[in-house]
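Inspection log for the structure reproduced underneath, given as structure tokens.
The first residue in the sequence is number 1, and the count goes up from there. Every number for a ligand or one of its atoms is a count from 1 in the order of the listing. We use all heavy atoms of the structure for the numbers below, so side chains are in, but hydrogens, waters and symmetry mates are not. All values derive from a computational prediction rather than experimental measurement.
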Amino acid sequence: MTTIFIISAPSGSGKSTLVNKVRQTVPHLEFSISYTTRPPRGNEKNGCEYFFISRDEFEQMIREDEFLEYARVFEYDYYGTARRFLQKAEQEASDLLLDIDVQGAAQIKARLPEAVSVFILPPNRAELERRLRERSQDSEPVIQKRLKAARREIENYQKYDYILVNDRLQDSVETLKAILLSERLRRNGRPDAGLSARAESCRLEHIRERIQPILHSFADTAASGQ
Ligand code: ADP
Ligand code: 5GP
């Protein structure tokens, strides 16, 4: 049986870094390459990070019901997950990892409630800003746009099954692996107590106190109009 894992995070939290590391070590895990109408950035190549298509092509795929979910992200560009990635994962008896935004995550959860969702948070707003700058991929106005969007996205954290604070990278990689593997083993009737305990530490009821200061670091900037 294929389990869908949804990963969402404000841009710059380290989601791609974590997903890339986990994909290298967890077997039988397919990754869905999304379609988007946004242009490629930096070294991005068609068919690698995304399939880059025109708006007309995207709308044609919508009409032909080729998407499992799709959304307009950052108010302009379309992003969508093709159904065929789920079919492929099912044929190969693999799990499927989706890197999608909060709107897409809500659509998948509504259709396929057994999907497992993970929200990745940065340790605080200042660190998110530092990571966005360190990545040196975006212009200053784009960084500001992403920080504003982060504040809105973070409000959705409670809708996710697991919340992972990406502070120390290696710890986060191990915790994300524990979530994927513990869910897989439990669904296969072979639960692992150690992995489950690590995954359970990311449930809202266990992490509520830890995330309060993170939420405050974003709320403070809202009050000061940043
Ligand atoms: P996202 O995919 O969420 O937009 P990236 O994976 O591109 O974010 O990470 C943004 C930047 O933060 C990158 O330069 C990456 O190397 C760095 N980064 C990711 N995780 C950590 C971490 N735990 N500690 C410090 N830096 C990190
Ligand atoms: P970026 O342009 O920085 O690569 O991605 C912007 C946002 O779009 C990220 O939050 C990413 O998770 C989201 N995204 C990427 N692919 C999809 C998709 O197929 N569907 C949805 N709903 N969001 C996506």
Side-chain angles (χ1 to χ4, degrees), residues 4-24 30-53 58 61-62 66-86 96-112 115 117-139 142-143 145-154 156-157 159-160 164-176 214:
I4 296 181
F5 291 101
I6 301 166
I7 316 266
S8 303
S11 180
S13 305
K15 179 178 54 175
S16 315
T17 307
L18 284 174
V19 165
N20 288 337
K21 289 200 179 284
V22 163
R23 281 174 67 195
Q24 287 164 17
E30 281 287 321
F31 181 71
S32 159
I33 301 173
S34 295
Y35 285 76
T36 183
T37 59
R38 85 147 164 79
R41 276 196 308 248
N43 292 328
E44 288 179 337
K45 288 193 181 53
N46 190 41
C48 246
E49 291 81 5
Y50 287 102
F51 292 105
F52 297 99
I53 61 174
F58 200 101
M61 287 181 72
I62 296 174
E66 287 192 44
F67 290 117
L68 197 56
E69 64 73 36
Y70 69 92
R72 278 174 110 161
V73 183
F74 300 136
E75 286 149 29
Y76 181 74
D77 283 306
Y78 278 122
Y79 291 77
T81 306
R83 287 184 192 283
R84 66 184 162 81
F85 279 98
L86 179 56
L96 181 66
L97 192 59
L98 307 182
D99 165 351
I100 60 178
D101 83 325
V102 292
Q103 307 169 76
Q107 290 178 40
I108 298 278
K109 272 292 212 181
R111 281 186 199 174
L112 303 162
S117 58
V118 184
F119 195 80
I120 295 167
L121 279 172
N124 53 57
R125 185 193 185 275
E127 174 62 12
L128 180 67
E129 187 166 354
R130 195 196 66 74
R131 288 184 191 173
L132 282 167
R133 288 188 201 292
E134 179 196 71
R135 189 168 68 178
S136 358
Q137 235 179 30
D138 301 310
S139 63
V142 171
I143 289 178
K145 197 166 106 181
R146 289 184 187 278
L147 286 168
K148 271 207 172 118
R151 204 166 62 212
R152 286 198 305 274
E153 285 159 1
I154 278 173
N156 293 282
Y157 72 94
K159 298 177 187 159
Y160 285 72
L164 170 53
V165 179
N166 178 22
D167 195 347
R168 296 224 316 256
L169 184 60
Q170 201 45 42
D171 282 352
S172 304
V173 171
E174 292 307 319
T175 305
L176 184 56
I214 303 175

Between [X] and [Y], is any pair of side-chain heavy atoms under 4.5 Å apart?
X: L18; Y: V173; result: yes
X: V19; Y: R23; result: yes
X: R38; Y: V73; result: no
X: D99; Y: K15; result: yes
X: L121; Y: S13; result: no
X: F85; Y: L96; result: yes

Which ligand 2 atoms are under 4.0 Å away from a heavy-atom of [X]?
X: K15; result: 9 (C), 10 (O), 11 (C), 12 (O)
X: R41; result: 1 (P), 2 (O), 3 (O), 4 (O)
X: A71; result: 22 (N)
X: G104; result: 22 (N)

Check your understanding: Applying a strict 4.0 Å limit to heavy atoms, is S172 in contact with ligand 1?
Key -> no
Point to revise | Whether D99 lies under 4.0 Å from ligand 1, heavy atom | key: no
Applying a 4.0 Å heavy-atom criterion (strictly less than), which segment of [X] is in contact with ligand 2: side chain, backbone, both, or neither?
X: E49; value: neither
X: V73; value: side chain
X: R38; value: side chain
X: R146; value: side chain
X: E69; value: side chain

Should one rank [options] by closest heavy-atom distance to [atom], which comes out on top?
atom: atom 17 (C) of ligand 2; options: S11, S34, G12; result: S34
atom: atom 4 (O) of ligand 1; options: K15, E127, R168, R135; result: R135
atom: atom 9 (O) of ligand 1; options: G14, S13, S11; result: G14
atom: atom 13 (C) of ligand 1; options: K21, E134, Q170, R130; result: E134

Review point. Does E153 have a heavy atom less than 4.0 Å from any atom of ligand 2?
Key: no
Check your understanding: Is there a heavy atom in Y50 that sits closer than 4.0 Å to ligand 2?
Key -> yes
Heavy-atom nearest neighbour in the protein, as seen from [atom], with distance rounded to 0.1 Å:
atom: atom 2 (O) of ligand 2; value: Y79 OH, 2.5 Å
atom: atom 6 (O) of ligand 1; value: T17 OG1, 2.5 Å
atom: atom 27 (C) of ligand 1; value: R131 NE, 3.6 Å
atom: atom 10 (C) of ligand 1; value: G12 O, 3.6 Å
atom: atom 20 (N) of ligand 1; value: N166 ND2, 3.1 Å

Check your understanding: Given S11 and L132, is the side chain to side chain contact (heavy atoms under 4.5 Å, CB included) satisfied, shown in steps?
Key -> CA-CA 8 Å; S11 180; L132 282 167; 4.1 Å; yes
Review point. Given that the side chain starts at C-beta and the backbone is N, CA, C, O, which of these parts of D167 lies under 4.0 Å from ligand 1, counting heavy atoms, or is it both or neither?
Key: backbone
Review point. Using heavy atoms and a threshold below 4.0 Å, how should the contact between A9 and ligand 1 be classified: side chain, backbone, both, or neither?
Key: neither
Check your understanding: Under 3.5 Å, is there a donor-acceptor pair linking the side chains of Q170 and E174?
Key -> yes
Check your understanding: Take atom OH in Y157; do more than 12 heavy atoms of anything else shown fall under 6.0 Å from it?
Key -> yes
Exercise for review: Pull out every atom of ligand 1 sitting under 4.0 Å from any heavy atom of S16, numbered as shown with elements.
Suggested key: 1 (P), 2 (O), 6 (O)
Check your understanding: ligand 2 and Y35, any nitrogen or oxygen pair closer than 3.5 angstrom?
Key -> no
Review point. Mind checking whether D101 has an N or O less than 3.5 Å away from an N or O of ligand 2?
Key: yes
For the atom pair [atom1] ([X]) and [atom2] ([Y]), what is the distance rounded to the nearest 0.5 Å?
X: D101; Y: I6; atom1: CG; atom2: CD1; value: 10.5 Å
X: R83; Y: S32; atom1: CZ; atom2: OG; value: 12.5 Å
X: T17; Y: R135; atom1: OG1; atom2: CZ; value: 8.5 Å
X: E129; Y: R146; atom1: CD; atom2: CZ; value: 13.5 Å

Check your understanding: What closest approach, in Å, do T37 and D77 show between heavy atoms, and which atom pair accounts for it?
Key -> OG1-OD1, 3.0 Å
Review point. Which heavy-atom pair separates K109 from A115 by the least distance, and what is that distance?
Key: NZ-O, 2.6 Å
Review point. Any idea how Y78 and F58 line up, ring-wise: parallel (<30°), tilted (30 to 60°), or perpendicular (>60°)?
Key: parallel
